[in-house]
Amino acid sequence: MKILVIGSGGREHALCWKLAKSPLVTKLYCAPGNGGIAEVAECVDVKALDFDGILAFCRAAAIQFVVVAPDDPLALGLVDLLEADGIAAFGPSAAAAKLESSKGFTKELCTENNIPTASYARFSDAVAARAYVTREGAPIVIKADGLAAGKGVIVAMELDEALAAIDDIFGGRFGAAGAEVVIEAYLEGEEASFFALCDGETAIELATAQDHKRAFDHDEGPNTGGMGAYSPAPVLDEATRALIMARFINPTLAAMKRRGTPFKGILYLGLMMTKTGPQLIEYNARFGDPECQVLMMRLKSDLLPALIAARDGTLKDVKLEWSADAALTVVMATKGYPGDYPRNTEIRGLDALSDRANVTIFHAGTKREGGRTLATGGRVLNVTATGKTVAEARDRAYATVEKIDWPEGFYRTDIGWRAIERETKALART
Ligand code: AMP
Ligand code: GLY
């Protein structure tokens with residue numbers, strides 16, 4: 001089959017790397033791709049939001065299946081457009097992607113279906129929002145309703161901060177994404193992520209994975225798209241996973257089907273593990289990045305038939321096999337990220353590292369130019385390793401990170417610390 005993957009990050013590199021191994025794939029393209037993806041797929045110079053360009057390419061290249069990985073093209077209806085043109089595509093429709101693209105929509109769906117989430121209120125003007133926050137007091141959480149590249153959430157520990165956030169959002173900081181604001185109660189606990197592959201009716205859980213959102217060691221500094229991830233995530237034991245399927249995933253799928261907007265694709269839950277049990281922080285309608293990278297390293301089954309089954313509505317016949325090994329990825333980012341950063345700095349030493357056992361370097365923001373690898377993004381490389389334990393995967397990943405010569409880059413040195421702490425305790429008990 002001729003396959004096209006949409007996107008240009010580390011997540012898309014991992015998806016292409018995995019799809020390239022499928023015996024069903026005769027030709028793999030990625031639009032627009034990046035310097036690393038070019039090693040496993042043919043990159044097409046069409047941007048992820050250039051829908052006309054994507055459609056024209058699919059027709060010209062006789063593409064049979066499109067995997068839409070990032071949130072923006074999903075929210076804007078790329079899957080709807082392709083399907084309407086007779087091109088099979090993996091990912092939710094725009095109506096189903098609202099689970100990610102509108103926080104207000106998701107909060108209402110939770111209330112209607114008794115899905116555990118923080119209490120909340122929705123506002124479309126600053127005066128009412130300010131009055132509510134003043135009444136409720138801090139800590140409290142202020143969220144722009146729409147997609148804001150992960151930056152639209154302000155966890156305000158003080159009232160002043162909450163009021164400033166309201167003024168900021170209604171002042172236009174996030175454009176149309178901030179036309180409405182969701183204000184919710186502050187939840188305390190450890191965060192966890194959960195991923196399920198859905199076909200509109202059936203959901204199968206994927207292996208567990210957890211990312212690190214803060215930019216710096218000890219989970220300090222600003223929120224980012226994710227500075228590293230590991231799988232499995234021991235915080236989600238078997239009983240908790242069963243509870244998540246029963247209380248969150250299955251009721252959500254049933255509700256979306258009843259509304260006439262069945263959810264097909266990856267449903268990714270952000271959860272807070274509170275004293276009273278898991279509470280939903282957010283839904284995403286796609287694979288996490290960099291969580292996808294560690295999941296692909298552990299997935300033993302062919303990915304393509306599973307994605308096709310999700311699109312076709314035949315997931316109940318699918319079983320995914322996972323390696324018993326752990327995987328861990330360290331994100332190398334350009335100094336300055338998640339704020340401004342220089343572009344086109346050179347990364348040296350990558351080629352010598354390309355075929356190390358148990359280590360794969362996914363590219364998140366690179367291009368190749370005249371034999372050189374240049375960093376073009378905020379998050380740039382995902383150094384990903386497997387091992388018998390999360391600790392072993394971590395040691396292998398960092399041993400490779402240290403060999404990469406890129407003075408303009410930085411990375412966290414403590415990826416996986418929670419899982420490794422749990423592993424160490426479990427070992428001490430045996
Ligand atoms: P979101 O974009 O909704 O995932 O929020 C970004 C981050 O804000 C989350 O990963 C949490 O760390 C934090 N957050 C969101 N909602 C809450 C909440 N109700 N209580 C505490 N922290 C939250
Ligand atoms: N790693 C977080 C995300 O993909 O949203």
Side-chain angles (χ1 to χ4, degrees), residues 7 9-12 14-15 69-72 74-75 97 99-107 110 116-121 133 136 138-157 161-162 165 169 174 177-178 181-195 206 208-215 219-231 233 265-276 278-295 329-331 333 337-338 362 364 378-379 382 412 415:
R11 168 181 53 204
E12 289 76 18
L15 290 172
D71 52 355
D72 287 341
L74 290 169
L99 283 175
E100 172 165 8
S101 64
S102 169
K103 293 191 187 294
F105 172 84
T106 296
K107 292 303 269 189
C110 288
T117 189
S119 60
Y120 75 104
V133 162
E136 294 288 313
I140 196 157
V141 183
I142 318 291
K143 303 185 173 188
D145 180 70
L147 294 179
K151 294 176 188 123
V153 173
I154 296 96
V155 179
M157 299 314 286
E161 226 183 315
I169 297 176
F174 301 108
V181 165
V182 170
I183 301 182
E184 65 177 42
Y186 173 74
L187 298 171
E188 224 176 325
E190 181 176 346
E191 280 184 57
S193 304
F194 187 90
F195 298 87
L206 305 187
T208 55
Q210 188 56 45
D211 73 343
H212 290 262
K213 291 209 166 55
R214 302 297 198 98
D219 294 320
E220 283 170 9
N223 260 327
T224 69
M227 292 299 292
Y230 53 91
S231 174
I266 297 287
L267 190 56
Y268 155 7
L269 286 73
L271 298 161
M272 191 70 88
M273 310 302 286
T274 72
K275 283 201 195 86
T276 57
Q279 302 258 339
L280 184 77
I281 300 175
E282 64 165 355
Y283 274 131
N284 292 306
R286 53 173 174 84
F287 274 111
D289 182 347
E291 295 94 320
C292 183
Q293 289 82 313
V294 286
L295 291 176
T329 187
V330 177
V331 171
Y337 173 80
F362 296 117
R379 291 189 294 173
N382 307 145
R412 278 182 59 159
I415 299 303

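Whatever order the structure lists them in is the order used to number ligands and atoms, beginning at 1.
- Shown in contact with Gly288 at under 4.0 Å from a heavy atom are these atoms of ligand 2, numbered in order with element: 4 (O).
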Decide side chain to side chain contact (heavy atoms under 4.5 Å, CB included) for Leu74 and Glu100; before the verdict, give the C-alpha distance in whole Å, the side-chain angles of both, and the deciding distance to 0.1 Å.
CA-CA 10 Å; Leu74 290 169; Glu100 172 165 8; 5.9 Å; no
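- Per-residue contacts place Met272 under 4.0 angstrom from the following atoms of ligand 1 (heavy atoms of the residue considered): 21 (C), 22 (N).
- Counting heavy atoms from C-beta on, the side chains of Arg11 and Pro70 come closer than 4.5 Å.
- At a threshold of 4.5 Å between non-hydrogen side-chain atoms, the residues Glu282 and Thr106 do not count as touching.
- Residue contact check: Glu184 has heavy atoms under 4.0 Å from atoms 16 (N), 17 (C), 18 (C), 19 (N) of ligand 1.
- Salt-bridge annotation for Arg412 and Asp219: present, with a side-chain N of the basic residue lying under 4.0 Å from a carboxylate O of the acidic one.
- The closest approach between a heavy atom of Lys143 and any atom of ligand 1 is below 4.0 Å.
- Relative to atom 2 (C) of ligand 2, the option among Ala209, Gly225, Gly226 with the closest non-hydrogen atom is Gly225.
- Residue Lys213 has no N or O atom closer than 3.5 Å to an N or O atom of ligand 2.
- In this structure, the side chains of Ile415 and Thr329 stay at 4.5 Å or more apart for every pair of heavy atoms.
- Close approach to Tyr268 involves these atoms of ligand 2, each under 4.0 Å from a residue heavy atom: 1 (N), 2 (C), 3 (C), 4 (O), 5 (O).
- Under the 4.0 angstrom criterion for non-hydrogen atoms, Lys103 is in contact with ligand 1.
- The heavy-atom pair separating Ser101 from Ala75 by the smallest distance is CB-CB, 3.8 Å.
- Between Glu282 and ligand 1, an N or O atom pair is found at a separation short of 3.5 Å.
- A heavy-atom distance below 4.5 Å is not found between the side chains of Glu136 and Tyr186.
- Summary of contacts: the protein heavy atom closest to atom 5 (O) of ligand 2 is Arg286 NH2, 2.9 Å.
- Close contacts of ligand 2 with Asp211, meaning ligand atoms under 4.0 Å from a residue heavy atom, involve 1 (N), 2 (C).
- Taking a cut-off of under 4.0 Å to the non-hydrogen atoms of Lys213, the atoms of ligand 1 that pass are 10 (O).
- Counting heavy atoms under 4.0 Å from ligand 1, residue Leu187 touches it through both backbone and side chain.
- For Ala185, the closest heavy-atom approach to ligand 1 falls below 4.0 Å.
- The shortest distance between side-chain heavy atoms of Val153 and Glu184 does not fall below 4.5 Å.
- Under the 3.5 Å distance criterion, the side-chain polar atoms of Lys107 are matched with a main-chain donor or acceptor of Ala118.
- Listed for the Thr224 side chain is a donor-acceptor partner under 3.5 Å among the backbone atoms of Lys213.
- Inclusion of Arg11 in the set of residues having an N or O under 3.5 Å from an N or O of ligand 2 is not warranted.
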